[in-house]
Amino acid sequence: QVQLVESGGGLVQAGGSLRLSCAASGRTFSNYAMGWFRQAPGKEREFVATISRNGNSYYADSVKGRFTISRDNAKNSVYLQMNSLKPEDTADYFCTAGYDYSGFSIYIDNRQYDYWGQGTQVTVSS
């Protein structure tokens, strides 16, 4: 089992920044690809960003150039730096972990992930 706890959400004005954190515990964090998904009210959960064991990253087109995912294996943590926030970024953000067999895995489908956090709310006002 991997337990994931997100933090760092909140209310921010459009154009502002937030940094989400996700602390992992349980199994060996460095064996997992990590991802961020989000779900806005009335919408399906959508992929935001992912990072493999060796640090390869991939982003949804909607956040590319504005969001940066990173990981610190020594701290068992993954982060999502969100800049130039827009009202359409308003959602609950979820951290997720999926076993990375190759070390280079890029997972963008939520079915590729094994563990999920409870989420942290991000609200961007216009």
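Nothing fancy with the numbering, it's 1 onward along the sequence.
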Asker: Quick check with a 6.0 Å cut-off and a 45 degree axis cone: is Arg71 positioned over the face of Tyr32's six-membered ring?
Answerer: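 Not flagged: Arg71 not positioned over aromatic ring of Tyr32.
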
Asker: Using modelled atom types only, decide if a donor and an acceptor are shared between the side chain of Asn56 and the backbone of Ile106 within a distance under 3.5 Å.
Answerer: no

Asker: Looking at Leu18 and Gly8, what are the two nearest heavy atoms and their distance?
Answerer: CD2-O, 3.8 Å

Asker: Taking Asp61 first and then Lys64, would you say they form a salt bridge - that is, a charged N and a carboxylate O separated by under 4.0 Å?
Answerer: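 Salt bridge between Asp61 and Lys64, a charged N being under 4.0 Å from a carboxylate O: yes.
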
Asker: Do you know which two heavy atoms are closest between Leu80 and Ala49, and how far apart they sit?
Answerer: CD1-CB, 4.2 Å

Asker: Answer yes or no: is there a side-chain heavy-atom contact under 4.5 Å between Ser21 and Lys75?
Answerer: no

Asker: Taking all non-hydrogen atoms of both residues into account, name the closest pair between Ala91 and Ala40 and its distance.
Answerer: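 That closest heavy-atom pairing would be CB-N, 3.7 Å.
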
Asker: Do you know the tightest heavy-atom contact between Arg111 and Asp109?
Answerer: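 In terms of heavy atoms, the two residues are closest at NH2-OD2, 2.7 Å.
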
Asker: To the nearest 0.5 Å, tell me how far Gln39 CD sits from Glu46 CD.
Answerer: 9.5 Å

Asker: If I take atom CZ from residue Phe37 and atom CG from residue Asp92, how far apart are they, to the nearest 0.5 angstrom?
Answerer: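 Going from the CZ atom of Phe37 to the CG atom of Asp92 covers 14.5 Å.
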
Asker: Which value, rounded to the nearest 0.5 Å, describes the distance between Arg53 atom CZ and Tyr101 atom OH?
Answerer: 11.0 Å

Asker: Just by modelled atom types, is the Ser105 backbone N or O under 3.5 Å from a matching donor or acceptor in the Asp100 side chain?
Answerer: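 Present.
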
Asker: Kindly determine whether Met82 and Val63 satisfy side-chain contact (heavy atoms from CB on, under 4.5 Å), including the steps that lead there.
Answerer: CA-CA 8 Å; Met82 305 186 296; Val63 306; over 6 Å; no

Asker: Is there a donor-acceptor pair under 3.5 Å between the side chain of Thr96 and the backbone N or O of Trp36?
Answerer: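 No; zero donor-acceptor contacts below 3.5 Å.
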
Asker: Would you say the side-chain atoms of Tyr79 pair up with the backbone N or O of Thr68, donor to acceptor, closer than 3.5 Å?
Answerer: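 Side chain of Tyr79 to backbone of Thr68: no pair is present.
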
Asker: How long is the straight-line distance from CG of Leu20 back to CD of Gln81, given to the nearest 0.5 Å?
Answerer: 9.0 Å

Asker: Closest approach of Ala14 and Ser126, non-hydrogen atoms and distance?
Answerer: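 Heavy-atom minimum between the residues: CB-CA, 4.4 Å.
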
Asker: Can you tell me how far SG of Cys22 sits from CZ of Phe94, rounded to the nearest 0.5 angstrom?
Answerer: 12.0 Å

Asker: Is it true that a side-chain atom of Thr50 and a backbone atom of Met34 form a donor plus acceptor pair closer than 3.5 Å?
Answerer: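 Yes, because the side chain of Thr50 sits within donor-acceptor range (under 3.5 Å) of the backbone of Met34.
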
Asker: Parallel under 30°, tilted from 30 to 60°, perpendicular over 60°: which one fits the rings of Phe67 and Tyr93?
Answerer: tilted

Asker: Donor-acceptor pair, Glu6 side chain versus Gly119 backbone, under 3.5 Å?
Answerer: yes

Asker: Take Arg38 and Val122, measure what side-chain contact (heavy atoms from CB on, under 4.5 Å) needs, and give me the verdict at the end.
Answerer: CA-CA 9 Å; Arg38 66 187 181 186; Val122 172; over 6 Å; no

Asker: Atom CD1 of Ile51 and atom OH of Tyr107: how far apart are they, to the nearest 0.5 Å?
Answerer: 14.0 Å

Asker: Within the supplied structure, the quantity of interest is the number of heavy atoms (other residues, nucleotides, ligands) at a distance under 6.0 Å from Tyr58 OH; does it exceed 12?
Answerer: no

Asker: Does Gln118 CD have over 12 foreign heavy atoms under 6.0 Å away?
Answerer: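 Counting other residues, nucleotides and ligands, CD of Gln118 stays at 12 neighbours or fewer.
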
Asker: What's the shortest heavy-atom distance between Tyr113 and Gly98, and which atoms?
Answerer: CD2-N, 3.5 Å

